[in-house]
Every structure is written in structure tokens, then in C-alpha cells.
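The block underneath contains the structure these notes are about, expressed in C-alpha cells.
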Amino acid sequence: MARILVVEDNAVNMRLASIMLTRSGHEVLGAENAMDGIRLAQAHRPDVILMDIQLPDLDGFEATRRLKQDAATMSIPIIAVTAHAMRGDESRLKAAGCDGYLAKPYRRAELLEAIGAWLQPAAQSRAGAAIT
Ligand code: MN
């Protein structure tokens, strides 16, 4: 089990992500805007952050830059969750510090693949412990 922070302002998208992740055994923290997301990341040190790009306060690029500049959160992998129109914008996401990206809409398998690549050994061993 991993702790996943979902930063997403759309209630339907948030609910879908939350259901997919909790059904896969993960703990989900949710933030509806970038500043709440940054605060939750600092307070709870999630294993992975799913970062929507279009948010009501800061955009996901700026939120990612701030998280990657903070020693407390810089090592947390950030997966940008982008609209179809932003496919191909990988270089801008990387420049902001994103570690990966996932295009919306996505299926559960795609979501799990995107986060699985970035789970820390500690999170993976917790998952292994839960199985046995
Ligand atoms: Mn959004």
C-alpha cells in the first residue's frame, strides 16, 4: 500500500481516481487546489503525487516547481495528469520537475502503471507485507 496525494479540482475526476486507488489498496489524500496540495504534501509525505495541470489557484506546473524546490517534498515523484490537448508537452512537464505524466481520461491499469514505476521500495515492501 502506498500513500497517494491526488491534486484535482474536478469532483468527478477526484472521485474516480480515489475509487481506483483505494480499490487497489492505496491510501488516498485529496486536494482540490494547488496550495492545499502543497500543504498536504509537506504534512503527510505521500509516496507519489498525481498533479492535475489546470487548477483554480496555481497551475500544476507552478505547484510542481514549488514542491521540487522544497527539501521536504523534492524527492516525492510527481505525475502530471494532463488533458489530451497536452500530449506531446512532455518537455515542459519535465522542465517543471514532473517525473511522469498520465493522459486523461485514463483506465485503472494505466493509472496503476504510472504510479507503480515510482513507488519507493518502502511502499512496495508494505504492499508485500500486506499480502502475506
Ligand atoms: Mn483541473
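Numbering of ligands and ligand atoms starts at 1, following listing order. Both backbone and side-chain heavy atoms feed into the values below; hydrogens, waters and symmetry mates do not.
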Using a 4.5 Å cut-off between side-chain heavy atoms of Ile, Leu, Val, Met, Phe, Trp and Tyr, which other residues end up in the same hydrophobic cluster as Leu5?
Val7, Leu29, Met35, Ile38, Leu40, Ile49, Met51, Leu55, Leu58, Leu67, Ile76, Ile78
For residues Arg108 and Ser24, report the shortest heavy-atom separation together with the two atoms involved.
NH1-OG, 3.5 Å
My understanding is that only residues two or more places apart in sequence, or in another chain, count here; which of them pass salt bridge (Lys or Arg N to Asp or Glu O under 4.0 Å) with Arg65?
Glu62
Identify which protein N/O/S atoms are less than 2.8 Å from the Mn ion (ligand 1).
Asp9 OD1, Asp52 OD2, Gln54 O
Output yes when Lys104 and Glu110 qualify as a salt bridge under the 4.0 Å nitrogen-oxygen rule, no when they do not.
no
Check whether Leu16 and Leu50 end up in the same hydrophobic cluster, where Ile, Leu, Val, Met, Phe, Trp and Tyr are linked by side-chain heavy atoms less than 4.5 Å apart.
no
Counterpart residues, side-chain contact (heavy atoms from CB on, under 4.5 Å), relative to Ala72 (two or more places apart)
Arg45, Asp70
